[in-house]
Amino acid sequence: MKPQIAELLSTAVAELKSQGIVPQELEPRIQVDNTRDKAHGDLASNLAMMLAKPAGKNPRELAQLLCDALPASELVDKVEIAGPGFINFYLSDASTSSLVKTVLEQKQQYGRSNEGAGRKVQVEFVSANPTGPLHIGHGRGAAVGDCLSRLLEATGWDVTREFYYNDAGAQINNLALSVQARCKGLTPEDAGWPQDGYRGEYIIDLANSFMAGDTVESEDQSFTGTQNADDLEAIRHFAVAYLRREQDLDLQAFAVDFDVYFLESSLYSDGKVEETVKTLIDNGYTYEDDGALWLRTTDFGDDKDRVMRKKDGGYTYFLPDVAYHLNKWQRGFEKVINEQGADHHSTITRVRAGLQALNAGIPKGWPDYVLHQMVTVMRGGEEVKLSKRAGSYVTLRDLIDEVGRDATRYFLAARKADSQLTFDIDLARSQSSDNPVYYIQYAHARVCSIFRKLAEAGHSWSEEQGLAALSALTLDSEKDLIVKLGRFPEVVRNAANNREPHQIANYLKDLASDFHTYYNSEKTLVDDVELRNARLTLAEAVRQVIANGLDLLGVSAPQEM
RNA sequence: GCGCCCGUAGCUCAACCGGAUAGAGCAUCGGCCUUCUAAGCCGAGGGUUGCAGGUUCGAGCCCUGCCGGGUGCGCCA
């Protein structure tokens, strides 16, 4: 509804310009806000206050002139000037009716838009090292990244979800050595245990599986344990394949699907790393010092230069990172969003600097980043730090097993990503209105239940009848509910543009609350056929919007609880 | 020490591009089931938005400086 109101105001501004009241050259950004207080109508604009100074008039006077210049519209019942110069709009029954109609007509499409116009965007998220099960931080990344992807899809973008596996480098050697030690029966307490070796129990399972000659199948490879504890190469392959499969299963349980799994090792085997080094050297941004090859990232805003090739001849992670992002660019992703833990924040400047040094025509601020802060897990009022299986951290699987997929997804996506998050297991498990997931799902199930009751009572309802009866909705609570439904498309757009999936969660909680209140105060299945059909129509619209919203979060919308 | 994030009710969190009297839930206290699911609803109390300045018609939001918490500052990823 906002765009329509903005349009009216725009016309009024043009009128005032032609009267010479507002300077011609002024192009005000027309802002229409939701009102917080019903006494201020349904929508409000601060336009008069914005224009007051350049027009040399006081705000209220200008507001009056704007109101006088507003074209007539059947969407608006009345317009008021209030406070320091706000213009308040009261929506008409015709406009609320049309909102309900729009919801029912568009169904699953309601709230979606085509702002992205089919342009390509890549969202890289999770990107865990294949050195252990996914932990809760990865879970947050998965929830936020997937919801963000869904939001971008809902706003018309062509989204590619991508997972980058750091399956090369030092940490993989460490993994292989840890598994090998377990194959040989060593424990972390023994003298021969590798320094900084992985101590989790899953390493024992992995070693046992390797020594049993199991075969690990994943999407793109199959590898059989050779049962030879001295064959470190075989152990390495097996371990990586094993843990990738394990992470895939975790993600499956979380209902997150990736389009592309990109292997760091492929950058080496395809010669991309070498190519990147060569370009950087050719471009003159490198130098050798202390036996290592450095990139002058300070030329591009970094606070110190970075080593690309170590003294021992191996590359640091930094170089494949640059090669990888060049590859993304070459694949045609003009927009890339990397969702990662804020503890990896320092890579941002580095990667962007490396990309600039390639002189590849990549924009300075490319790619975008969304960072999420740490997650703390609470149970019984105490912090949970360990999982049996992983040893040092809480796994995503533990959470899904304990509180379920829907609640886990909701809780991890419902908070602003750049705030630290406390995950309360007791709350997430509780099946009461304390738990926002159940609260929202229950609102959906309630509508379904009403329709079941309707059928049991031998009555029927159709969209056509319902829409025709809408004028029977005369209560303030009904109008408020409809206005809230009308905000959904804008909430989706804001959430997508600001990369803030939590806005969807907040909106849904709010809508569910309004619906529960309404449900308790007004009976839907009344004897008056007109009123019954009208209320059923409103209920169905609410159900549709909740279902659409939950879908954006990747949370199910149950028919009954 | 430097960079980044955060600081809002006892607790967990909102506040759409800077808008009007800062909102929910939990917890506390008090109500509501013969009625479409009580997995719900209604009401009450609870705030100097960490502190101090600044910008302006207007600041929780923007700027500066402090204070507190987190995180990063590897030839680890």
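In this text the structure is predicted, and so the values were computed from the model without any measurement. Labels below follow one simple rule: chain letters A, B, ... track the order of the sequence lines, proteins then strands, and each chain is numbered from 1.
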**Asked** Within less than 4.0 Å of OP1 or OP2 of B:C6, is there a side-chain N or O belonging to A:K416?
**Response** no

**OP1 or OP2 of B:C2 under 4.0 Å from side-chain N/O of A:K304** = no

**Prompt:** Counting only distance, no hydrogens or angles, is the base of B:A39 paired donor-acceptor with the side chain of A:Y438 under 3.5 Å?
**Reply:** no

**Asked** Is there a side-chain hydrogen bond (donor to acceptor under 3.5 Å, both in side chains) between A:Y317 and A:R350 once you walk through the steps?
**Response** CA-CA 11 Å; A:Y317 71 91; A:R350 233 167 287 178; 2.4 Å; yes

**Prompt:** Nearest of B:C42, B:C75, B:A20 to any side-chain atom of A:T517?
**Reply:** B:C42

**Fill in**
By the Watson-Crick or G-U definition, both distances under 3.5 Å, B:C73 is matched with B:G1

**Fill in**
Pairing partner of B:G53, by Watson-Crick or G-U wobble and under 3.5 Å for both distances, is B:C63

**Request:** Please determine if a side-chain N or O atom of A:H516 lies less than 4.0 Å away from the OP1 or OP2 oxygen of B:A24.
**Result:** no

**Message:** Regarding B:A20, can its base be found pairing with the side chain of A:N88 as donor and acceptor, where the two atoms are less than 3.5 Å apart?
**Reply:** yes

**Message:** For the base of B:A39 and the side-chain ring of A:Y439, does the geometry meet a stacking cutoff of under 5.5 Å between centres and under 30° between planes?
**Reply:** no

**Prompt:** Where does B:C33 fall, syn or anti, if syn means a chi angle no more than 90° from 0?
**Reply:** syn

**Request:** Answer yes or no: does a side-chain N or O of A:T316 lie under 4.0 Å from OP1 or OP2 of B:C76?
**Result:** no

**Prompt:** For RNA chain B, whose closest nucleotide is more 5', that of A:S127 or that of A:Q559?
**Reply:** A:Q559

**Item:** Heavy-atom donor-acceptor pair, A:D196 side-chain to B:C76 base, under 3.5 Å
**Value:** no

**Item:** Phosphate OP1/OP2 of B:A38 contacted by A:R446 side-chain N/O (<4.0 Å)
**Value:** yes

**Prompt:** Is there a donor on the side chain of A:N34 or the base of B:C16 sitting less than 3.5 Å from an acceptor on the other?
**Reply:** yes

**Request:** Give the nucleotide from the list B:A39, B:C75, B:C16 with an atom nearest to the side chain of A:N498.
**Result:** B:C16

